[in-house]
Amino acid sequence: MSAKVPLSPLPQRLPGVARDLLDWYDANARSLPWRAPPGTAAPDPYRVWLSEVMLQQTQVATVRPYFERWTARWPTFAALAAAEDAEVMAAWAGLGYYARARNLLAGARVIAAQHGGQLPDTEAMLRTIPGIGDYTAAAIAAIAFGRRAVVVDANVERVVARLFAIQTPLPAAKPLIRAAADRVTPEERAGDFAQAMMDLGSGICTTRGPRCLLCPIRAHCEGFAQGAPERLPVKAAKRVRPVRHGTMFWLECDGRVLLRRRPAKGLLGGMLALPTGPWADTAPLLDDAPADVAWRLHDETVAHGFTHFELVCALASGGWRRHPDTIDGEWWPIDALDSAGLPAVFRKATDAMRRICG
DNA sequence: GAGGCGTGGGT
DNA sequence: TACCCAAGCCT
């Protein structure tokens, strides 16, 4: 909770929802590294942009340490634009949705080369930067540049669906919810309002077990009045996740293991990884081995859930007896694998292999 | 529009 | 436990 700061009186035209929510925010705003205290000067646009991208589909507690490390290393657009691709991808390792890191770097370079090192300050221009969509453009315009923008993310969708008791299922309800959000967004302090909605959504108006008795806008809430706000928003049923199978190959040479960078696009794109063939409906076993050596197939497997499928991977190990330079990839010291910047699924595999090999 | 795209936390 | 899901974007 941040210190209370003196605020100028809000315009009388401010609707009750925004007024009550902002009063609550002034007293209860979370203190976050990328956030300015309510009612104070706008925070650094670089930090707002970085935090908004890191926070896409990712919780605050997960983002915080990544944000601290990242800003210490690359504190400005210029610093990030000049960074090495491999360093940036390694710094993102474990955070997921790796296209965000690729877009962040591309975005920093666009900003440095085409925008004089300054983030554009309108939604429409922000929308042209790689990795910035409707939500992030609105959030940056409001939070970093004080513009009135309608910021709609999953928190706002949930709060607004309950506030207006919208029964239409998502995603069909999106236009309706955006129109409703527009109606409650104030002309002034739209940035604080957006962040207040986030805090409300993450701490009080939660998906399960909303704490309505603590809610500052309960009196305005039709969902609460109707008695079952936790049933909103209604969502379309989602598909079952299929299981896919694969093999990861642990090729050792002189205390090092072979790593390869994955293709720039697609799953885990641009990340360093253990060699592996495509992941398919049936177990490929040794079909896609990176080298013709005597592979040993282990009993232990690695299971990992991705957004749209479940992976079960076999582990195979072997030794490279020829000159290290005669195979594609990077030989990484086994003792230093923790600093290789591997995605979580490969970190599971390397941890398992180090256990197996002792 | 719908599906591809990670991961860890909460219940 | 086995789900569900979180400050979305891109194609």
Side-chain angles (χ1 to χ4, degrees), chain A residues 30 32-35 47-67 89 92-104 106-107 126-144 149-159 169-175 178 181 191 193-203 205-210 230 233 235-244 262-271 273 279 303-311 341-348:
Chain A
R30 286 179 293 178
L32 300 171
W34 48 84
R35 182 181 273 188
R47 294 167 69 87
V48 174
W49 170 63
L50 177 63
S51 67
E52 287 301 338
V53 173
M54 284 187 166
L55 286 162
Q56 289 166 8
Q57 301 286 281
T58 310
Q59 299 185 143
V60 165
T62 303
V63 165
R64 198 189 277 265
Y66 280 88
F67 181 86
M89 298 313 290
W92 198 274
L95 202 49
Y97 286 137
Y98 297 97
R100 293 185 294 172
R102 304 194 297 269
N103 287 333
L104 212 43
L126 285 163
R127 196 68 185 68
T128 69
I129 305 292
I132 298 184
D134 289 339
Y135 160 75
T136 305
I140 293 172
I143 296 168
V150 182
V151 182
V152 182
D153 71 327
N155 284 305
V156 175
E157 283 181 351
R158 186 168 60 255
V159 171
L170 285 169
K174 280 177 182 290
R178 193 195 185 280
F193 178 79
Q195 295 176 93
M197 290 287 267
M198 312 293 180
D199 284 12
L200 188 73
S202 71
C205 194
T206 49
T207 304
R208 281 169 292 192
E230 69 279 358
K235 294 188 178 182
K238 46 178 75 69
R239 307 190 321 164
V240 296
R241 291 191 308 180
V243 177
R244 292 186 190 164
R262 294 173 62 87
K265 293 184 177 180
L267 186 70
L268 307 172
M271 298 301 290
W279 294 332
H304 189 76
F306 291 94
T307 305
H308 53 298
F309 68 94
E310 186 78 27
L311 177 69
L342 296 178
V345 63
F346 293 107
R347 214 161 48 69
K348 283 186 187 175

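In this text, all values refer to a predicted model and were calculated from it rather than measured experimentally. Sequence lines set the chain letters: A, B, ... in the order given, protein chains first and strands last, and positions in each chain run from 1.
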Is the base of B:dG6 touched by the side chain of A:Thr58 through a donor-acceptor pair closer than 3.5 angstrom?
-> yes

Do A:Thr307 and B:dG4 have a side chain to base donor-acceptor pair shorter than 3.5 Å?
-> no

With the threshold set at 4.0 Å, does a side-chain nitrogen-carboxylate oxygen contact exist between A:Asp153 and A:Arg158?
-> no

A:His308 and A:Phe306: CA distance, side-chain angles, deciding distance, ring pair (Phe, Tyr, Trp, His ring centres under 6.0 Å) verdict = CA-CA 6 Å; A:His308 53 298; A:Phe306 291 94; 7.3 Å; no

Tell me whether the side-chain N/O atoms of [X] come closer than 4.0 Å to OP1 or OP2 in [N].
X: A:His304; N: B:dG6; value: no
X: A:His308; N: B:dG4; value: no
X: A:Arg239; N: B:dG4; value: yes

With a 4.0 Å cut-off on heavy atoms, is [X] in touch with a base, just the backbone sugar-phosphate, or nothing at all?
X: A:Leu32; value: base
X: A:Ala139; value: nothing
X: A:Thr136; value: sugar-phosphate
X: A:Trp34; value: base
X: A:Leu268; value: sugar-phosphate
X: A:Pro171; value: nothing
X: A:Val53; value: nothing
X: A:Gly94; value: sugar-phosphate
X: A:Arg158; value: sugar-phosphate

Mapping A:Ala99 and A:Arg208 to their closest nucleotides on DNA chain B, which lands nearer the 5' end?
-> A:Ala99

Is the backbone of A:Val48 close enough, under 3.5 Å, to the side chain of A:Ser51 for a donor and an acceptor to pair up by distance?
-> yes

Any sub-3.5 Å donor-acceptor pair from A:Arg100's side-chain atoms to A:Gly131's backbone N or O?
-> no

Between [atom2] on [N] and [atom1] on [X], what's the gap in Å once rounded to a whole number?
X: A:Trp279; N: B:dC5; atom1: CH2; atom2: C1'; answer: 12 Å
X: A:Phe309; N: B:dG3; atom1: CZ; atom2: C1'; answer: 13 Å
X: A:Phe306; N: B:dG8; atom1: CZ; atom2: C1'; answer: 14 Å
X: A:Leu55; N: B:dT7; atom1: CG; atom2: C1'; answer: 14 Å
X: A:Arg244; N: B:dG4; atom1: CZ; atom2: P; answer: 7 Å
X: A:Leu95; N: B:dC5; atom1: CG; atom2: C1'; answer: 13 Å
X: A:Lys348; N: B:dT7; atom1: NZ; atom2: C1'; answer: 9 Å
X: A:Arg102; N: B:dC5; atom1: CZ; atom2: P; answer: 10 Å

Test item: A:Gln195 and A:Ile143 side chains (from C-beta on) under 4.5 Å apart, heavy atoms | yes

If we only count heavy atoms from C-beta on, is the A:Trp92 to A:Tyr97 side-chain gap below 4.5 Å?
-> no

Whichever of A:Lys265 and A:Arg35 has the more 5' nearest nucleotide on DNA chain C, that residue is A:Arg35

Of A:Arg127 and A:Lys238, the one whose closest nucleotide on DNA chain C sits nearer the 5' end is A:Lys238

Salt bridge (Lys or Arg N to Asp or Glu O under 4.0 Å) involving A:Arg127 - partner list, sequence neighbours excluded | A:Asp134

Partner residues of A:Arg178 under the salt bridge (Lys or Arg N to Asp or Glu O under 4.0 Å) criterion, sequence neighbours left out = none

Spacing of the P atoms in B:dA2 and C:dA7 (rounded, Å) | 23 Å

What interatomic distance, in whole Å, is found between P of C:dT11 and the corresponding atom of B:dG6?
-> 14 Å

Set of residues satisfying side-chain hydrogen bond (donor to acceptor under 3.5 Å, both in side chains) with respect to A:Gln56, sequence neighbours excluded = A:Thr136

Would you call the rings of A:Phe67 and A:Trp34 parallel, tilted or perpendicular if under 30° counts as parallel and over 60° as perpendicular?
-> perpendicular

Other residues, nucleotides, ligands: >12 heavy atoms within 6.0 Å of A:Arg35 CZ = yes

Please work out which residues in residues 193-203 of chain A have a non-hydrogen atom less than 4.0 Å from an atom of DNA chain B and list them by number.
-> none

Of the candidate nucleotides B:dC5, B:dT7, B:dG9, which contains the atom at the shortest distance from the side chain of A:Gln59?
-> B:dG9

Provide the full list of salt bridge (Lys or Arg N to Asp or Glu O under 4.0 Å) pairs with a residue in residues 50-67 of chain A, sequence neighbours left out, each pair given once.
-> none

Span of DNA chain C engaged by chain A, first through last nucleotide within the 4.0 Å heavy-atom cut-off, is C:dC4 to C:dC10

